[in-house]
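A, B, ... follow the sequence lines: proteins, then strands. Residue 1 opens every chain. Computed from a prediction, not measured in an experiment: that's the story for all the values here. When reading the values below, keep in mind they use all heavy atoms of this one structure, side chains included, and skip hydrogens, waters and symmetry mates.
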Amino acid sequence: MVSTELGYDQLLSIAFSVPMPYEWSVGVYGSLFFHEIMNHNRFLGVRCPDCNKVYMPPRRLCGPCFKELDELVVLPNEGTIEAFSIVNYPFVDPNTGEQRPIPYTYGYIRIDGADTIFSHIINETDTRLIQVGMKVKAVFREKELMQGNVQDIKHFEIVNP
Amino acid sequence: MDHIAIVGVAQTGYEAKIRNKTNYDLVYEVTKGVLDDAGLSLADIDNIVTVSNDFMDGRTISSMAVGEAAGGHDKNISTVEGDGTFGAFYGAMRVLGGFNTTLVVAHSKGSEGSLKHITNAMFDPVYHRLIGIEAISASAIQANSYMDRFGLSEESFAMVSVKNHQNGFNNPYAHMPLNLTVEDVMKSARIADPLKLLDCSPVSDGAAAIIIANEEYSRRAKTRPVWIKGIAHCVEEYFLGDRDLAVAKSLRQASRKAYEMAGISRPVDSIDVVELYDAFSYMEPLWLEGLGFCEEGRGPGMLKDGITLMSGKLPVNPSGGVLSSHALLVAGLARIIEATLQLRGEAGSRQIPEAKTALAHGINGPCGQSHCVWVLSSEQ
Amino acid sequence: MPGSVAIVGVGQTDHRSHRPDVNGREMIYEAVQRALLDCELSINHIDAIIIGNMDHFESINYVDTWSVEGSGAIMKPIMKVSTGGTTGASVAIAAYYHVASGLFDRVLAIGWEKNSESDTTGAIITCSDPVWDRFSYSGAIPSLATEASAYMNQYGVTQEDAARVTVRDRGNAVNNPHAHLRKPVSIHEVLASPMLAYPIKLLDICPRSDGAAAVIFASDGIAQRITPRPAWIKACSVRHTYTWFGDVDYKQGLVSLQRASAEAYLRAGIKSPADELDVAELYLPYSYAGLKWIEDLGFCARGEGAGFVEDGHTDIAGKIPVNPSGGVLSANCIGATALLRVGEAALQVMGKAGPRQIPDVKQALATGFGGCFWSDVLILGSGRP
Ligand SMILES: [Zn+2]
């Protein structure tokens, strides 16, 4: 008779690391946003005529008003840090399958003239040098390297007052 | 069961790749469409069920991407992962359980992911996944075992493909209406024996939505309500090797229960039109058996005898079925929508004259492991 | 009118960081067996099953059909409900509607996760929008850290205030034999733990656990025959307010919880929640939530959460005990987590919570949190609605 007793160190597991490929549609509004960056190094938002909110990046709908939006507005490359977090723990980045380099700063940025928050990287990882409320500016990738995605913005940098 | 009805329907056209629209766009368009169809405003809707799948969308919490587009900003909302018939089932229960109106919306863009990877993930990670089995190869095994058990021919399955692709010409939403002969199907590329390319449904992008309402709200809607008479679902064993793939056991159970609720004792006489989930040609006859329309092994005979043709006694998939358009998750909801249009008398050139009772059907899991059956009627 | 619905049985695994001794199905089975045993039913009595988890944590598609041996669903109806962190509560609410619809009399709700089977942060990142957010997003912790830093800024709350929430929940877990982390911690230990993402330190955040929960719901008439003191569902309410992380305005508080709880209180006839509720099992995935979100629930006024906790009002013997189970900070098997809140609240109402029982519970609150700052709320009571 073979017994069902088994030591903890005898327990097996099976590794599975097959990547699942996807090709996501960006949609009309998102494509317009990235073209604007590629062509003019600037941002686009969209205004809701009912509640007057400006969404950035632009999108097709205002959720609370359930209204279709088409009033695009050009926005500056500058904004304010609403909140941030300096990330110190290691994890596998699903974008690359590799460990993401740490520390890095995840920032919530309200672009001037927008009512929503844009999230991106801020190139400052020293807690003494970064604060909520600071002004930041987008740093774009070199034109010939742009691909029409969110990494066409390299990062945001703090603007010295 | 209280009287509840489908009072609005909407679907996008189904296409191989809807490049200019995101899932958010598709969901918004059918949400707007279904409100227009019902003549209701978003304020009349008190709850929402979205249907999505994290593997399809390549996104954890796939429902997050579409809540706003479904009008869910400030409403009670939930999400079913699975075929649209199951999402609609939950939507119906929410109306029976106290809500006035549920908006059910499903989306999928098969063009964005890799269906081989996505359906491979249905299979057991320890024993089956690494072998590489996915939806098509598993279904080929089912087709084979069905043929073997009852001595059926590949040609009898090919006839289903010919019929449904032909029916697709009458459906303005269909992805792939085709003029085929049995020979065309037989000569098409052998994908996974005995399945050939033309035995398999295409992979489509699309979205669909319905509104289910209680009696009071069914009177407020401008459409002719289609009453939900019987709904049931049932699952069988998981491992393919544990199942008798040649017999749709869980479908028998689900349909029996749905008929009982609807007070139907002889489905073949009581039901006027059927929309079922024919992801592969062999599935139509196998599901017809499971639905109790004929004896086991007699499914292909129903087509040979002309019964399931548009002109027959029991037309099956006048829309062209899933063989003509297959947006995963959406496809079951599309079956309910097609049945509803038939009962409203608004099915255009695919209309079955004087249809009063219709059946819609959807599946979850490999080889129809789980089935959902809807019996709908134009009469309260 | 929909019929009344009650919880009659609760089962859960003993949550651990890693359960290599069972596969997912086997772990689900443990919880289901315990729930059936709790109310002396057999799987044959169950009419329908709802299951939920998050697909990419175990990389299993169609968990409803994959799980049937463990869930007991063979030749029964099973459906999958999945809404991110709120999944467990969404599953419970789905079970409620299964019974309230009149279609089913005894329904089993299951939530589960084997977080050890994947890189949790890597999997959570895939919840962010692939076009907009995935490049910079780094999982739940920084997202919560931004909420915390905004709240601290607004009301002058300190890291020490937040540490008190961890100390309370981890202390309570000592009384819960199922909890994953059962060692009490001190304020000093919380403050000294490694900084993960400012201001969140290791002991401010929930662990990742392997575990499952199963809860049985029954209809009026049948529930009373199964157990002498069922836990009746008095209200369930959901708001999944946001689709985009960038729309969340932290200065307004947790809007989804404000709205969902206000609707639930209205339905349950509750005007002063801190006085009328006897216990709350809250989905607090990190310590700062234990200060801020009790304001959104109306336990105290805006900005007063820290004082309310410091004054002991949320302690076991306080005005409104929060998380006698030890809460999410002591066990977090994500798909099960919110269902555990519902199950724990039900045990309190049924008087079956053992060493963590609060005396004479008549009304209990359970919440779920997840997605894009979403909330699910349930109110349970001893009296049939
Ligand atoms: Zn607006």
Side-chain angles (χ1 to χ4, degrees), chain B residues 1-2 22 24 47 53-55 58-69 72-82 86-87 89-90 92-98 118-126 231-239 249-250 253-254 364-366 369-370 372, chain C residues 1-2 5 23 25 52 54-69 73-85 90 93-94 96-103 123-131 236-244 259 263 370-372 374:
Chain B
M1 188 167 89
D2 287 348
T22 61
Y24 179 97
N47 90 102
N53 174 288
D54 293 2
F55 278 86
R59 183 168 179 172
T60 289
I61 327 182
S62 47
S63 56
M64 199 164 109
V66 297
E68 173 179 288
H73 172 73
D74 192 26
K75 294 191 191 296
N76 278 281
I77 187 166
S78 194
T79 300
V80 171
E81 270 205 51
F86 293 79
F89 194 101
Y90 185 24
M93 286 191 293
R94 285 163 74 98
V95 175
L96 291 168
I118 291 165
T119 64
N120 172 254
M122 291 193 292
F123 293 92
D124 186 72
V126 177
I231 41 174
H233 63 105
C234 182
V235 71
E236 60 190 75
E237 289 82 347
Y238 172 63
F239 287 102
K249 180 173 74 168
S250 52
Q253 171 97 346
N364 264 348
Q369 187 194 341
S370 182
C372 190
Chain C
M1 270 301 286
V5 180
N23 67 29
R25 272 190 295 269
M54 284 162 81
D55 300 6
H56 291 304
F57 285 155
E58 296 82 10
S59 189
I60 292 163
N61 200 357
Y62 291 91
V63 152
D64 48 341
T65 60
W66 161 87
S67 64
V68 294
E69 286 166 25
I74 292 172
M75 295 312 282
K76 298 183 193 300
I78 184 167
M79 70 166 63
K80 182 176 180 205
V81 169
S82 184
T83 62
S90 297
I93 292 169
Y96 167 82
Y97 283 109
H98 271 67
V99 178
S101 72
L103 296 183
I124 288 182
I125 286 175
T126 67
C127 88
S128 61
D129 188 280
V131 175
C236 28
S237 195
V238 169
R239 288 295 181 280
H240 294 179
T241 308
Y242 301 112
T243 281
W244 310 92
R259 292 180 183 171
E263 186 180 83
C372 198
W374 294 346

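- The choice from B/Gly82, B/Gly365, B/Gly72 that makes the most heavy-atom pairs within less than 4.5 Å of chain C is B/Gly365.
- For chain C, the nearby part of B/Met1 is the side chain; its heavy atoms alone come within less than 4.5 Å.
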**OP:** Quick one: do B/Glu81 and C/Val81 satisfy side chain to side chain contact (heavy atoms under 4.5 Å, CB included)? Show the steps, please.
**Re:** CA-CA 6 Å; B/Glu81 270 205 51; C/Val81 169; over 6 Å; no
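- Of the residues considered (B/Thr119, B/Val80, B/Val66, B/Asp54), B/Asp54 shows the highest number of contacts with chain C, using heavy-atom pairs under 4.5 Å.
- A distance of 11.0 Å separates CD in B/Glu68 from OG1 in C/Thr241, rounded to the nearest 0.5 Å.
- Closest approach of B/Thr60 to C/His56, counting heavy atoms only: OG1-CD2, 3.2 Å.
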Subject >> Test log, rule side chain to side chain contact (heavy atoms under 4.5 Å, CB included), inputs C/Val131 and B/Thr22 >> reply: CA-CA 11 Å; C/Val131 175; B/Thr22 61; over 6 Å; no
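- Listed for the C/Thr126 side chain is no donor-acceptor partner under 3.5 Å among the backbone atoms of B/Arg59.
- Of the atoms belonging to B/Ile118, heavy atoms from both backbone and side chain fall under 4.5 Å from chain C.
- Residue B/His73 holds its NE2 atom at 6.5 Å from OH of C/Tyr242, rounded to the nearest 0.5 Å.
- Contact annotation for C/Ile125: neither backbone nor side-chain heavy atoms come within less than 4.5 Å of a heavy atom of chain B.
- Annotation: the span from B/Ile61 atom CD1 to C/Cys127 atom SG amounts to 4.5 Å, rounded to 0.5 Å.
- Residue C/Ser67 does not touch chain B at all, counting heavy-atom pairs closer than 4.5 Å.
- Side chain of C/Ser90 to main chain of B/Ser78: no donor-acceptor pair is present (N/O by atom type, distance under 3.5 Å, no hydrogens or angles).
- Looking only at heavy-atom pairs under 4.5 Å with chain B, the residue among C/Glu58, C/His240, C/Met75, C/Arg25 that has the most is C/Met75.
- Atom CG of B/Asp74 sits about 8.5 Å away from atom CD of C/Glu263, to the nearest 0.5 Å.
- Heavy atoms of B/Tyr24 lying under 4.5 Å from chain C belong exclusively to its side chain.
- For B/Gln369, the part lying under 4.5 angstrom from a heavy atom of chain C is the side chain only.
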Subject >> Audit row: B/Val235, C/Asp64, side chain to side chain contact (heavy atoms under 4.5 Å, CB included) steps and yes/no >> reply: CA-CA 9 Å; B/Val235 71; C/Asp64 48 341; over 6 Å; no
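- Residue B/Gln253 touches chain C through its side chain alone, counting heavy-atom pairs closer than 4.5 Å.
- Using a 4.5 Å heavy-atom cutoff, the side chains of B/Asn76 and C/Arg239 are in contact.
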